[in-house]
Amino acid sequence: MSVQLSVLVHTPAHSPLAGPLTYQSELPLAPGTLVRVPLGQRETLGVVWDAPQDTPTTWEIKPITAVLSGLQPMSDAWRQLVGFSASYYQRSLGEVALSALPPQLKGLDATQLERRLRRKPLSVESDTEQATTSPWALPELTPAQAEVLARMHSTPTHKGPFLLFGATGSGKTEVYLRAVQKVLEADPKAQALVMVPEINLTPQLEARFEQRFAQLLGADFKPDTLVSMHSGMTGPQRLKSWLAAHQGKARIVLGTRMAIFASMPHLQLIVVDEEHDPSYKQQEGARYSARDLAVFRARLENAPVILGSATPSLESWHHSRPAAEGGRYLRLEMPDRVGGHSSFPLVRRVDMNHQPKGAVFSPPLLQAIQERVARGEQCMVLLNRRGYAPVLQCSDCDWKSACAHCSAFRVFHKTDRTLRCHHCGFTERVPRHCPACGNPDIRPIGRGTEQLEEHLSELLHAVARPDGTPVRVARIDADTTQKKGTLEAQLASVHAGDVDVLVGTQMIAKGHDFRGITLVAALNPDGALFSSDFRAPERLFSLLLQAAGRAGRSPDLSAQSEMWVQTHHPQHPLYAALKAHNYPEFARQQLSEREQSTLPPFSYQALLRADARTQEVAQGFLNAARLAATQLPAAEHVSCFAAVPLTIQRVANVERAQMLLESTSRTALQHHLAQWHTLLHALKKDPAHKGVIRWAVDVDPLAI
Ligand code: ADP
Ligand code: ZN
Ligand code: ZN
C-alpha cells in the first residue's frame, strides 16, 4: 500500500504547475520532509507539503525516488513563512520554497547527502581557544543601552517588533550582542538570526560577534556556532552554513536578505540591522522584503525582532508611533554617541549659487580638505556616479556615447579606456574619432568618481601630510572592488591611515566604522530633492546622515568633525533637518506629505511590470490587464493607473513598462492581486500578447 504526497518542486515562476505535485510513497512522510522526486527527465529536490489535493486520476502518479532521511523535516514555521511569502509576493510555492534552500542541496542525491552529513566538523581553531584563556570583561553598557535592553526584556507582553532608533555610533551593535547573548544563555538550544543589508558589512559584524561569543561560550564555541549566509559564498560554504543552522548547531546565523529563509528550528530572536536599507528588498524572482518577512517570521516563531537604524524606513517609523495612535512597534531610542568626546559632525551647507560656476569643489570645501589632510586627518568625498564621465560627446556633431541596446548613455571609464553600459554591460574601446563624423575631438561630459579621484589628486598636489609625504587619494566603488578581497584590502588601508582622502559612491557611506575620518563631503546630492520617485528624499536623507555618521567616530580626535553638503538649495527643509541631526523632524515632514497624497505607509502599492520587444506590446499587455482587473470584486478599492514606460525604458533591447496599483487597504490589494493573477496567466496565453517576454508583480515596490 502506498500513500500519496503533495510535493513542492522548483517550477518556473509562471508555469501552470504552480502548486505542489502529487507523488506516491511507500511510507507516509511528515510535511516538510525533503525528498528526491522524478520531474520530467530529471530527478530533483522536493519538499513534502500538506495533504494532497483531489487525486487526478488521468495520469500516472510517480513514486518519489528517495527520502533525505538524514535531515529533519522543515519546521511548520518555515513552511508557513514560505506559504506566506509565495502568496503575499504573488509567486509559486515551489519557486519560493526551493529558492530558500541552498543551491548545492538540490544537486545532491540521497547517498551523496549521507556522505556529506557524515563528514566530521573541523576542530576549533587555535586562536579562538586562545581568546578564551585571556582575561576579558564585557564592556560596561551606556545608560541608554542598559535602558533599551531593560525595556526589551521587561515587556514580555510586548515581544516586539522593537524599533531601535539609535544614532550612528550610539552602540546598537552592543545591544544586538547582549540581546543575542540573553536568548542563547536562557536556552541551550536557542538560535538567533542577525541580518545586515550588504555582504560588505558582514565581515566586520562577523568579527565582532565571533570575538564576543568565542569569549562567552568558551569551549562551547565550535566552528559552526556562528555561520554566515550571503550570496558571496560558494555553493559548499552555503550548504555547510545551511546544514549547521538546520541541525541546530549554529546558534547564530549572520546574513544578508536571503538569510530570512534560513532553516532555524530553534529560532528565538531576529535582528535586522540598518533596517531602512533598500538592499533588504529582493529585486527579482519573488520580490520579498526581508525586513518585512523578519517581522512576519518573528510573529510566527513567537520570537522578538529588533529593527535597528539611525534613519528608520518611514514605514517602520510610522509603525512605531505611540500605541495610542495605532503604533504596533515599540520605539526604543539611543540618541547619543558612545563616549562624550565623539560628538556629531557639524553639517555645513555650501550654497553653490555663490560659488565659481562649474566648480566641482567649492573653494571653502577644498580648503577645508587641504587643512584636514595637512593635519593628518582623513576625509571622505561622496559622488553617486562611478566611471570617469557619464557620457562622451563629439564637439562637432550631435554624437553621444549612447548604448546601442539601451535607452541610456555608455559611461566613459578612463582606466581601461572603455565605454561601458551600466545597464546591459555592453562595452567597447573608446573610439579615436567620432563614429558619426570622424572628428577626433570627443569629450567627456560630467563627472564620475574616477575623474574625481584624478581631479582631487591634482588639487591636493601641493599639500603634504604632517610627515611631509604626499597626500594619498583612493577610490572605492563597484569598479575598484570587482575582484574578491579587494574591498577588504581597500578598507583596511583606510583603517590603517594609509589613505588621506577616500572618494567613492554610497558604498562607502554605510556602516563602516572608520576611525580617522573627520570630514565627509557630498558633492552633488541635489538630484534626489526633485526626483519623481517619492522615496528619493528618504533615501537621500538616510545616505547623508549615514555618511555623516562616518565622521568623528574616534574619541581621540579632538577636531570638530564636519559633514559638507554642496547644494543649490541650501534652504531646503531636508538639509535643515540634516543640519539639526533631526531625523524625527525629517520623518514628520515626509510623513505629512505622504499622508496628504495617500502614499505609503498611508496606502499600499504593487506594480505590474512587463517586458517586450516594443513598448506598444508591453503596454498593450498592461492595459489589457488593467481592463481585466476592473471586473474583479475588489476593483473599487484598488486604483489602477495607466501603463507607463520605465525611466530607463529599454535595457538590452528589451522595452520595459509598468503599471501601478494602489489601495488604502492592504487586504483589498492582496485579494485583488490574488484573483488578478489567474487572469494574468490567461492573458499572457492570448495570442495578442504573444510578444510579451516576461511579466512580474512587485508588491510593496521600493522604486516607482
Ligand atoms: P552603531 O552601530 O550604533 O553605529 P556601534 O555599535 O558601531 O554603533 O558603536 C560605536 C562604537 O562604540 C564602537 O566602536 C563600539 O565598540 C563602541 N561601544 C559601543 N558600546 C559601548 C560601550 N557600552 N562601552 C564602550 N564602547 C562602546
Ligand atoms: Zn561627431
Ligand atoms: Zn546597454
Side-chain angles (χ1 to χ4, degrees), residues 137-149 164-179 194 196-197 201 204-205 207-209 211-212 271-277 306-312 332-342 344 391-411 418-428 431-443 495 509-515 545-556 648-656:
L138 285 173
E140 198 179 323
L141 292 174
T142 64
Q145 287 169 334
E147 158 87 18
V148 157
L149 284 160
L164 179 56
F165 172 48
T168 53
S170 62
K172 292 186 287 297
T173 315
E174 187 64 36
V175 172
Y176 307 149
L177 287 164
R178 298 297 177 106
V194 181
V196 285
L201 297 174
Q204 201 180 335
L205 199 70
R208 281 182 77 177
F209 270 77
Q211 189 194 16
R212 176 65 55 87
V271 173
V272 185
D273 190 22
E274 312 290 2
E275 68 87 34
H276 63 277
D277 199 295
I306 306 172
L307 311 176
S309 178
T311 51
L332 303 166
E333 307 196 15
M334 299 204 298
D336 302 314
R337 284 187 155 183
V338 175
H341 309 288
S342 40
F344 291 112
V391 50
L392 275 190
Q393 190 179 27
C394 168
S395 60
D396 226 22
C397 75
D398 257 356
W399 183 83
K400 287 195 180 104
S401 56
C403 175
H405 312 291
C406 307
S407 46
F409 292 113
R410 280 173 303 161
V411 175
T418 56
L419 286 178
R420 262 188 256 162
C421 175
H422 287 185
H423 302 281
C424 73
F426 177 51
T427 302
E428 277 180 337
R432 287 179 189 285
H433 309 278
C434 167
C437 74
N439 172 18
D441 184 22
I442 40 180
R443 298 174 183 173
H495 286 295
K510 295 181 185 178
H512 302 287
D513 195 5
F514 296 124
R515 279 338 192 56
L545 203 80
Q546 296 285 342
R550 299 313 112 214
R553 291 174 78 91
S554 171
D556 313 327
I648 300 197
Q649 80 176 61
R650 188 167 52 104
V651 167
N653 295 318
V654 169
E655 289 284 341
R656 313 179 310 161

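For ligands, and for the atoms within them, numbers begin at 1 and follow the listed sequence.
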Which of the numbered atoms in ligand 1 are under 4.0 angstrom from any heavy atom belonging to [X]?
X: Glu174; result: 20 (N)
X: Thr168; result: 4 (O)
X: Leu141; result: 23 (N)
X: Thr142; result: 23 (N)

Just need the protein heavy atom nearest to [atom], so name the residue and atom and give the distance.
atom: atom 25 (C) of ligand 1; result: Val338 CG1, 3.9 Å
atom: atom 20 (N) of ligand 1; result: Gln145 NE2, 2.9 Å
atom: atom 15 (C) of ligand 1; result: Arg208 NH2, 3.7 Å
atom: atom 11 (C) of ligand 1; result: Arg515 NH2, 4.2 Å
atom: atom 8 (O) of ligand 1; result: Gly171 N, 3.1 Å
atom: atom 6 (O) of ligand 1; result: Thr173 OG1, 3.0 Å

- Near the Zn ion (ligand 2), meaning under 2.8 Å, the protein N/O/S atoms are Cys394 SG, Cys397 SG, Cys434 SG, Cys437 SG
Is [X] close enough to the Zn ion (ligand 3) that one of its N, O or S atoms comes in under 2.8 Å?
X: His423; answer: no
X: His405; answer: no
X: Cys403; answer: yes

- Ala167 to ligand 1, any heavy atom closer than 4.0 Å: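 Yes.
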- Message: Against ligand 1, does Arg337 come closer than 4.0 Å with any heavy atom?
- Response: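 It does not, in that no heavy atom of Arg337 comes within the 4.0 Å cut-off of ligand 1.
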- Task: Please report the C-alpha distance between Met334 and Val175 in whole Å, then the side-chain angles of each, then the deciding distance to 0.1 Å, and finally whether the side-chain contact (heavy atoms from CB on, under 4.5 Å) criterion is met.
- Result: CA-CA 10 Å; Met334 299 204 298; Val175 172; 3.8 Å; yes
Give yes or no for whether the N/O distance cutoff of 3.5 Å, strictly under, is met between [X] and ligand 1.
X: Gly169; value: yes
X: Lys172; value: yes
X: Gly166; value: no

Where is the tightest heavy-atom contact between [X] and [Y], given as atom of each residue plus distance?
X: Pro431; Y: Ile442; value: O-CD1, 3.3 Å
X: Ala404; Y: Arg650; value: O-NH1, 3.2 Å
X: Trp399; Y: Ala436; value: CB-CB, 4.0 Å
X: Ala652; Y: Cys406; value: N-SG, 3.2 Å
X: Lys172; Y: Ser309; value: CD-N, 4.0 Å
X: Cys424; Y: His405; value: SG-CB, 4.3 Å

- Can you list the steps and then say if Glu147 with Glu333 is a side-chain contact (heavy atoms from CB on, under 4.5 Å)? CA-CA 9 Å; Glu147 158 87 18; Glu333 307 196 15; over 6 Å; no
Expected output: side-chain [X] to main-chain [Y] donor-acceptor under 3.5 Å:
X: Arg550; Y: Gln546; result: yes
X: Arg656; Y: Ile648; result: yes
X: Arg432; Y: Pro440; result: no
X: Arg410; Y: Ala402; result: yes

Applying a 4.0 Å heavy-atom criterion (strictly less than), which segment of [X] is in contact with ligand 1: side chain, backbone, both, or neither?
X: Glu274; answer: neither
X: Ala310; answer: neither
X: Glu140; answer: backbone

Nearest-0.5 Å distance, [atom1] of residue [X] to [atom2] of residue [Y]:
X: Leu149; Y: Leu164; atom1: CG; atom2: CG; answer: 8.5 Å
X: His433; Y: Asp396; atom1: NE2; atom2: CG; answer: 13.5 Å
X: Phe344; Y: Asp336; atom1: CZ; atom2: CG; answer: 6.5 Å

- Item | Angular separation of Cys424 SG and Cys406 SG about the Zn ion (ligand 3), given to 10° |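 Once rounded, the angle between the two atoms at the Zn ion (ligand 3) is 110°.
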- CG of Asp441: more than 12 outside heavy atoms within 6.0 angstrom?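 Atom CG in Asp441 is packed in, count exceeds 12.
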- Task: State, with a plain yes or no, whether a side-chain heavy atom of Glu140 is found less than 4.5 Å away from one of Gln145.
- Result: no
